[in-house]
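We use all heavy atoms of the structure for the numbers below, so side chains are in, but hydrogens, waters and symmetry mates are not.
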Amino acid sequence: MDHSMLRRLLDLVDVGEEAVLCTVVDDQGSTPRGRGAAMLVRPDGTSEGTIGGGVTEHHVIERARAMMREGTDTELYTESLSATEAALEGAACGGDVAVFLERYGRSPEVVIFGAGHVGRALARLAHDTGMPVLTWDERAEFANGESIPWGRTLACPLEEVFSRGLVLHSSSYVVIVTRGHTLDADVVKLLEGRQCAYIGMIGSRRKIAFVRERLIQDGLAADQIDRIYQPIGLPIRAETPEEIAVSILAEIIAARRGADLDQLRSAL
C-alpha cells in the first residue's frame, strides 16, 4: 500500500473525520488491481486511491458508505464476475476479488443528557464496556470529573453544548435522562436534524405522552419524535438507577449489533 494513503488516513482521523480503508486482499483470474491496492472512502462517497474502478469499485464504495451509516467496524466484500458479466457491467475484467473494509475515525460513543442517578450509573457501565462516554448537565455540581470520573463531562447551558465541543455522528448513541419533562423536550428539539445512531428518552408513558404533545405543539417534525426509543431500555422490569442503566445499555448494544429491537422490546 502507498504510504501516502496511510498518512492521509491518519490526517482524517486526527481532525475527527471518518473514512473506510478498502484494501484488496485476494484476487483470482483477471482483475484490474492486485492484492494491496487500496482506496479511502469518506461518508459523502468521495474517494482517494483506487482498487481498479468499474462496477466492483462502485459496489465497494456503496458498502463503505453503508458501514459508516450503520457503525460497522469491518467487513469482507467479495465479488465474482465472469468476463461476459464484467463486459455487461462496464468493467474491464472478469475474475474474483476480495476487499477488506475497515472503518476508522469515529468509534461508537454514548452521549448522556442528564448527570443524575441514572445518568451517572449509565456513564460508569458504558465506560466499563469500553465505549467512550460524554455526560452533560447544566449543573456543574453534577457534571464534573469528580462526580462522574468515567469519560468526559460537560457543564454548560443546553444551547451551548455544540459550541462547547459536543460532536454527534453516525455512531453516537444519545440518552436523555435529564431532571425534568421540560428539559427532556428541549434536548429532543436540540437534536432535530442531528446525525446519530440512537436516541432514547427515559420516563413513564404518561411523561412521554406529555413531552410528545409539547413537541408537536412546538412544531417538531413527527419523524424526529418517532425516531426516539421511548420508554428507553429493554423491558426487564428495572427499578434502581443501576438496573435502569443495565436496561438502557443492553438496548444500545442491541441497536449497535443490529438485533431486532422490536422483538426484544416485546419479549416480556
- [ ] Check step by step if side-chain contact (heavy atoms from CB on, under 4.5 Å) holds for Leu158 and Trp136.
- [x] CA-CA 8 Å; Leu158 179 62; Trp136 169 89; 3.8 Å; yes
Task: Val188 and Ile228: CA distance, side-chain angles, deciding distance, side-chain contact (heavy atoms from CB on, under 4.5 Å) verdict - done: CA-CA 9 Å; Val188 174; Ile228 301 169; 3.6 Å; yes
Open item on the list: Using the rule given for side-chain contact (heavy atoms from CB on, under 4.5 Å), can you reason through Met131 versus Ile252, listing the C-alpha separation, both sets of side-chain angles and the distance that settles it, and then say yes or no?
Closed with: CA-CA 11 Å; Met131 297 179 71; Ile252 288 174; 4.3 Å; yes
TODO: Report the C-alpha separation of Leu101 and Val99 in whole Å, then their side-chain angles, then the decisive distance to 0.1 Å, and conclude whether the side-chain contact (heavy atoms from CB on, under 4.5 Å) test is met.
DONE: CA-CA 6 Å; Leu101 288 73; Val99 183; 3.9 Å; yes
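In terms of the ring pair (Phe, Tyr, Trp, His ring centres under 6.0 Å) criterion, Tyr173 has no residue partners (sequence neighbours excluded). Every side-chain contact (heavy atoms from CB on, under 4.5 Å) that Arg257 has, sequence neighbours left out, goes to Ile253. With sequence neighbours left out, the salt bridge (charged side-chain N to carboxylate O under 4.0 Å, His left out) criterion links Asp26 to Arg35. Judged as a side-chain contact (heavy atoms from CB on, under 4.5 Å), and not counting sequence neighbours, the contacts of Asp128 are Arg124. Under the rule for a side-chain contact (heavy atoms from CB on, under 4.5 Å), the partners of Arg227 that lie at least two apart in sequence or sit in another chain are Cys196, Ile199, Gln224. Take His58 and apply the ring pair (Phe, Tyr, Trp, His ring centres under 6.0 Å) test, not counting sequence neighbours, and it matches no residue. Taking the ring pair (Phe, Tyr, Trp, His ring centres under 6.0 Å) definition, one finds that Tyr229 meets it with Tyr198, sequence neighbours left out. Checked against side-chain hydrogen bond (donor to acceptor under 3.5 Å, both in side chains), Asp184 has the following partners two or more places apart in sequence or in another chain: Thr178, Lys207. For the side-chain contact (heavy atoms from CB on, under 4.5 Å) test, residues two or more places apart in sequence or in another chain that qualify with Ala155 are Ala140, Ala143. Take Glu138 and apply the salt bridge (charged side-chain N to carboxylate O under 4.0 Å, His left out) test, not counting sequence neighbours, and it matches Arg179.
Put simply, the side chain of Glu159 does not reach to within 4.5 Å of the side chain of Leu190, judged on heavy atoms. Between Val41 and Arg63, every side-chain heavy-atom pair lies at or beyond the 4.5 Å cut-off. Between Tyr104 and Leu10 the shortest side-chain heavy-atom distance does not fall below 4.5 Å. Using a 4.5 Å cut-off on side-chain heavy atoms (C-beta onward), Glu79 and Val55 make contact. The shortest distance between side-chain heavy atoms of Ile61 and Ser47 falls below 4.5 Å. Residues Leu249 and Leu122 are in side-chain contact: their nearest non-hydrogen atoms beyond the backbone lie under 4.5 Å apart. A heavy-atom distance below 4.5 Å is found between the side chains of Leu12 and Arg8. A 4.5 Å side-chain heavy-atom check between Val60 and Met39 finds at least one atom pair inside the cut-off.
In this structure a side-chain-to-backbone donor-acceptor pair under 3.5 Å is missing from Arg152 to Leu134. Checked by atom type and distance alone, the side chain of Asp218 never pairs as donor or acceptor with a backbone atom of Leu220 at under 3.5 Å. Using modelled atom types, no side-chain atom of Arg120 and backbone atom of Ala115 make a donor-acceptor pair closer than 3.5 Å. Side chain of Thr50 to main chain of Gly52: a donor-acceptor pair is present (N/O by atom type, distance under 3.5 Å, no hydrogens or angles). Looking at Glu243, its side chain never comes within 3.5 Å of a backbone N or O of Ala238 through a donor-acceptor pair.
Between Ala121 and Pro241 the shortest heavy-atom distance is CB-O, 3.9 Å. Closest approach of Arg103 and Thr72 over heavy atoms only: NE-O, 2.8 Å. Scanning both residues, Leu21 and Thr23, for their nearest heavy atoms gives CG-OG1, 3.8 Å. Taking each heavy atom of Val110 and Ala126 in turn, the nearest pair found is CG2-CB, 4.0 Å. When all heavy atoms are compared, the tightest approach of Glu57 to Ile51 is OE1-N, 2.9 Å. Residues Ala185 and Arg214 share a closest heavy-atom pair of CB-CD, 4.1 Å.
A distance of 11.5 Å separates OG of Ser247 from CD of Glu239, quoted to the nearest 0.5 Å. Rounding to the nearest 0.5 Å places CD1 of Ile236 at 11.5 Å from CG of Leu264. In this structure, Leu166 CG and Ser172 OG are separated by 7.5 Å, a value rounded to the nearest 0.5 Å. Summarising the geometry, atom CG belonging to Leu215 is positioned 9.0 Å from atom CD belonging to Glu192; distances are rounded to the nearest 0.5 Å. In this structure, the separation between CZ on Arg212 and CD on Gln217 is 12.5 Å, given to the nearest 0.5 Å. Rounding to the nearest 0.5 Å places CZ of Arg139 at 13.5 Å from SG of Cys156.
Tested against Ile176, the residues Ile202, Leu191, Val211, Ile112 include a single side chain to side chain contact (heavy atoms under 4.5 Å, CB included) partner, Leu191.
Taken together through direct or relayed side-chain contacts under 4.5 Å among Ile, Leu, Val, Met, Phe, Trp and Tyr, Val167 and Val187 form parts of separate hydrophobic clusters. With hydrophobic clusters built from ILVMFWY side chains whose heavy atoms lie under 4.5 angstrom apart, Val133 does not share a cluster with Phe142. Hydrophobic clustering (side-chain heavy atoms under 4.5 Å, transitive across Ile, Leu, Val, Met, Phe, Trp, Tyr) groups Ile248 together with Leu261.
Ion pairing of Arg42 with Glu48 is present here, as a side-chain N (NZ or NE/NH1/NH2) and a carboxylate O approach within less than 4.0 Å. In summary, Arg265 and Asp262 do not engage in a salt bridge, as defined by a charged side-chain N under 4.0 Å from a carboxylate O. Comment: Arg7 does not engage Asp11 in a salt bridge, judged by the lack of any side-chain N to carboxylate O separation of less than 4.0 angstrom.
Side chains of Ser80 and Asp96: a donor on one and an acceptor on the other come within 3.5 Å. No hydrogens or angles considered: nothing links the side chains of Ser147 and Glu141 as a donor-acceptor pair under 3.5 Å. Between His169 and Glu18, the side chains place no donor N or O within less than 3.5 Å of an acceptor N or O (distance only, hydrogens not considered). Side-chain N/O atoms of Thr74 and Glu102 include no donor and acceptor closer than 3.5 Å.
Other residues sharing the hydrophobic cluster of Leu76, ordered by chain and number and joined by side-chain separations under 4.5 Å: Val25, Phe100. Connectivity analysis of hydrophobic side chains (ILVMFWY, heavy atoms under 4.5 Å, direct or indirect) links Ile148 to Trp150.
The environment of CD in Glu146 is sparse: at most 12 heavy-atom neighbours from other residues, nucleotides or ligands sit within 6.0 Å. Counting non-hydrogen atoms of other residues, nucleotides and ligands closer than 6.0 Å to CZ of Arg194 gives a total of 12 or fewer. The 12-atom threshold is not exceeded at NE2 of His117, counting heavy atoms of other residues, nucleotides or ligands nearer than 6.0 Å.
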